[in-house]
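What follows is a short report on a single structure.
FYI, side chains are in, hydrogens and waters are out, and symmetry mates aren't considered; it's all heavy atoms of this structure. Chain naming here is simple, since letters A, B, ... match the order of the sequence lines and numbering starts at 1 in each. Here the structure is a predicted model, which is why all the values come from computation and not from measurement.
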Amino acid sequence: MEDDAPVIYGLEFQARALTPQTAETDAIRFLVGTQSLRYDNQIHIIDFDDENNIINKNVLLHQVGEIWHISTSPADKGVLATCYNKTSDTKVMTCAAVWRMPKELESGSHESPDDSSSNTQTLELLCHLDNTAHGNMACVMWEPMGDGKKIISLADNNILLWDLEESSAKAVLSSSAALEGKGQLKFTSGRWSPHHNCTQIATANDTTVRGWDTRSMRQIYCIENAHGQLVRDLDFNPNKQYYLASCGDDCKVKFWDTRNVTEPVKTLEEHSHWVWNVRYNHSHDQLILTGSSDSRVILSNMVSISSEPFGHMVDDDELSDQEDQHQEEKIKEPLQDSVIATYEEHEDSVYAVEWSSADPWLFASLSYDGRLVINRVPRALKYHILL
Amino acid sequence: MAAVTAGSGSGSGPAGSPEATGGSTGGGGWRRPHGPLQRYYGPSTAEAAEASPDPTDINGPHFDPEVFMTKVRNECPLGQLLAREAALGREIRALDSDMQTLLYENYNKFISATDTIRKMKVDFRHMEAEMDDLAANMAAISASSARVSAALQDRHRRGAQLAGVQALLRKLQALVEVPGRLRCWAGTEPARALRCHARARAVLRHYRHLPSFRAIEDESHAIMADLAQRLRTRLREEKLDPKELTECVEMLLQLEEPAEELSEEFLSQAGARLEAELAALEAELPTADPSGTATTPPPPASDILDFVDRGSSAFVGTLCQLASSYRALFGGDTGRLEPFAAALATRYFALLERRLALERGLGDTSLLVRALDRFHRRLRALLELLPAGADAAAALVARAARERVDRYLRALQTFFLGCLGDVRQALAAPRPPGKEGPGLPDLLATLAASVLGQLKAVLAYVQLFTARDVAFASLPYFKGEFCVTAVREGLVVAFVRWLCRTARGFADGPAERGAPAAPPALLLLLARLCLDYENSTISYILTLTDEQFPPQDSGPAVTPGPALCAEARAAAQRLLDHYVQVQGAAVAQMLRKSVETRDWLGTVEPRNVRAVMKRVVEDITAIDVQVGQLFEEGVRRAQSSDSSRRAFSVYSSSRAPGRYAPSYTPSAPMDTHLLSNIQKLFSERIDIFSPVEFNKVSVLTGIIKISLKTLLECVRLRTLGRFGLQQVQVDGHYLQLYLWRFASDERVVQGLLDEVAASAAHRCLDPVPMEHSVVELICERG
């Protein structure tokens, strides 16, 4: 049971941006971007050694500004994109850029953490996403399952689709769409759907969730007043193409069927403050991870709306040869939708939670005070799902 | 002891010497209380003396003068002897005079008796002669009487013979006249003709071998057949009232028509009549619209009591009458009658049901109860005949009652919604400046009182169904199930549940997606209402119901009061939480917009508290007043007197790292706030949107927490310039100054504001905090 204990890593700066290294499927690796107005910002590459329960880290300097969003290429382990604040005396501008990390860090080196601080390395800039005409960048999304050539960024009220050319050295704006309407419209977050040949994205602005077709750049559905207050984050169910989760300032997490958006399929009300992040587990979509500014991370089991058949259809013959296993099977009842665990290791608002891309039973959460916590799905549940 | 001996010795003498009598009575009087004692110690000496023959008893049979003398001489003193002697002398003289008187009297009587005997002897001799004369006379009389009767015998016989012949002739005459009479009566008075025929029939049948009699018989038969024919036609064709019908069938029976056939005829005739009556009843009902009731049918012409009255007097009356005559006519065989009556009764019930269904709205319950009562009473007569109908009738009444109770429930619900509408209007009504509208407590009191009053009124109406003078109230259904299932569960409990659900609906439903949300004041009001229900109203209502409708011990299970209370409490909690969220969200929205839209980098040096902060304080003060109208103050955590004066500090940055978790991997110089971390480590975690308690302080704390946490999160998303930080500092101090008094624990306010300040400092490009004295000055001026 010892290795079920959470592993905590402390950053020296405050941080909001967290992402798994999407292209990496063997090692457990997360990237964290820091926020500091007065020091050089960093990207910490966190390697987690599952067997020894040890964290190894490498630090890359990100000198252009504090990082608000970070995402990694699904195809190239070394490529990542950040949204960062460029601060002048009277103006703050959020820009986005694509970077390449040094070759030797791509697959993780096992340097000892002690001397890492001395030899920090610098990112290599591949290209800027030019947003002078579009406003502040809220986030950058890579085409999931793609070849790392297409990205979409959200800038104020614009959706920008870029093609990365010349091995990412040049970003060409291929198409864009703008959200028209009253008032100051601003996208807060977005997600690229892995379904439908990756032709759909979902965006959130204020209390509304919208779906877009990337080919025509037209809106395909719209969930007005999806949440009572601001929608903070979205995620697509990786296994059910029409299912979408959203979370927001009304402390709720809602699950939608995009074919019928009048009512949410399900609503979770477990957090006691704004929910900043919601993530489906990549392979077992009943596992839902949420992070909130009540400093808690909650892992929920939403069996009833998952792709998993409700209740195991266990073939009796398979088990009859092993008596005790059979008995175990009997005790096991189909799990209800429930909160599996509430993780309280954080002491400040949790702004990001992410599943590992390599190990489906492992996830990281990041709170504002720079604390990164790596946790695992409880073993009992894991076996219940696997067996 | 001497007195006792004297008493027993001489006191019982007939002369009754004074002292002896006195001693005896005195001894008896003295002795009486000792009776039980004496009985215990055995028979007294006196009784023992009486038992054996006493030779000294002067009146006793064994008196021995010698013994007596010796005894007296031996025992008595001289004085007593002398007194005794004088007494004895007096006694002897009295006895002598008595004897003389008796002797005289007896002598006189003897003389008169002798005289009488002598006179009797003379009289008897005279009487003997007269008796002899009398005997001779009597013998002469008897001889002459025998002679007379012998002479008259012959004539007497002839007279008797003649009288017989005449009677026979009269009978023959009557027989001959039978056909004529029959013919005469058959038209007008068939009953008389029948009687006549019945009398003649036996004789005619007996003498039918004589041609003349046969002719008469044939003729009368023909007439009777004709009569039967006519009766049958009448039976078949005419509309007969039940009495005529009975008569008619009775006559036909006497005419020896086949009973089977007749009973069928009877029933079909009766059926036709009853059908007609049912049709008349049906005519009052609006015709069922086969195309669906697009237009609501007009209200029925007559009220239900009228309808039931007519139905029971016409239909039920006729049916009873017919049934009883059928029984009288065809004996106990009711094999045909029962299904017939059952079918008709079922149709009647169906009609009544349709009529009851027309009783929409509330109408007059007493009228309905009376109508049902009448129906039920009238039906009793029929029920003897048709036991199966009892259940159907009872079920009908029960259904009607249940239906009415359901209507009342709906009416109550409508009423409550109406009240809520009024309250909403009162809350939304624009108030002329300076003039306060009705306060929340007034509105609450009005709402609660009118709902409770309405509920009581409804209970009173429903109670009519179980009134003692209503016949069906004694049905087991109305005694048990009606009270419990229909009234307690179906009306009272259902209403309370519905009320809680409706109240909850304001918190759960509409705020979700666009629909017009309930005003916060209404949420607060409903929360208080539900809380009041939980505290007292529910138990009051249930007690009232149980009093008016006493539940049966063995009745179906009832919803216990505590369960209802729990529901009400849950609803109240949900409403109050929702109130906090709505109000908190309103304030938070204001703060969020103010932070998001401001240019924090390019702002000028703060001179004032921002207007939005003043607005926040105003709003929270208003909320405080609003909540205070309905909820108690609540407890505040004790505070130190100088806490409000505490400096609103901005932590300096760059501290050494702290290790506080087991597998903490430290990295390079820490830039986090040790102080704030330590503070967090030791302070409790604050849940922002957490359930609140039912008091003002808790509600206000909830709202303030939501607001300040929003401020914190929003500040963290911005980048501030030096003056931006200073503005946040000023605003924070201002909030601190005015908000701490509303919260249950000012440390919560303090903690959150500290975090705001720390975050602001951290998000600041040029963190130069303002002089604290200046901050204070600005706040005091604002």
Side-chain angles (χ1 to χ4, degrees), chain A residues 5-14 16 35-39 44 53-55 57 59 66 68 85 87-92 113 116-117 184 224-226 228-230 249-251 262-264 267 269 271-274 276 293-296 344-345 347-349 351 368-373, chain B residues 511-515 517 581-582 585 588-589 592 596-597 599-602 653-654 657-673 676-677 679-681 683 685-691 705-706 709-710 712-713 716-721 755 759 762-767:
Chain A
V7 179
I8 300 174
Y9 171 75
L11 279 77
E12 52 268 40
F13 298 117
Q14 284 161 332
R16 281 175 187 271
Q35 288 197 322
S36 174
L37 289 167
R38 293 186 282 281
Y39 301 91
H44 288 233
N53 228 28
I54 293 172
I55 282 178
K57 61 136 190 183
V59 178
E66 49 176 11
W68 288 82
N85 265 9
T87 316
S88 61
D89 277 343
T90 56
K91 227 176 117 194
V92 177
S116 62
S117 52
Q184 233 188 354
E224 300 268 9
N225 287 316
Q229 296 170 52
L230 201 72
D249 285 3
D250 55 1
C251 316
T262 48
E263 283 296 319
T267 302
E269 280 180 81
H271 283 291
S272 71
H273 201 244
W274 305 351
W276 285 78
S293 40
D294 64 3
S295 332
R296 291 191 180 94
E344 311 214 349
E345 282 85 18
E347 276 153 22
D348 205 336
S349 305
Y351 293 131
Y368 190 58
D369 55 7
R371 186 181 296 190
L372 180 82
V373 178
Chain B
E512 196 76 354
R513 315 243 4 213
Q581 282 178 23
V582 167
Q589 185 75 2
R592 188 160 75 88
E596 277 180 2
T597 51
D599 177 10
W600 292 98
L601 268 180
S653 50
S654 266
R659 292 165 179 267
Y660 44 84
S663 56
Y664 190 92
T665 314
S667 73
M670 290 292 285
D671 190 24
T672 39
H673 304 291
S676 94
N677 275 338
Q679 189 197 356
K680 275 183 205 160
L681 200 62
S683 66
R685 192 184 281 268
I686 301 166
D687 276 345
I688 306 301
F689 289 95
S690 55
K705 274 195 298 190
I706 292 173
K709 179 77 178 179
T710 303
L712 170 68
E713 293 296 338
R716 282 183 177 182
L717 288 173
R718 305 288 301 184
T719 309
L720 292 81
E755 275 193 65
S759 293
H762 208 267
R763 297 296 310 154
C764 182
L765 289 171
D766 180 19

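- Salt bridge A:Arg371/A:Glu347: present, at least one basic N to carboxylate O contact under 4.0 Å.
- The contact between B:Arg763 and chain A is made by backbone and side chain atoms together, counting heavy-atom distances below 4.5 Å.
- Panel note: side chain A:Arg16, backbone A:Tyr368; no donor-acceptor pair is recorded below 3.5 Å.
- Put simply, the side chain of B:Lys709 gets close to the backbone of A:Ser293: a donor and an acceptor are under 3.5 Å apart.
- In this structure, chain A has no heavy atom under 4.5 Å from any part of B:Leu712.
- Of the listed residues (B:Asp766, B:Thr597, B:Thr710, B:Asp599), the one with the most heavy-atom contacts under 4.5 Å to chain A is B:Thr710.
- For the pair B:Glu713 and A:His273, the minimum side-chain heavy-atom distance is below 4.5 Å.
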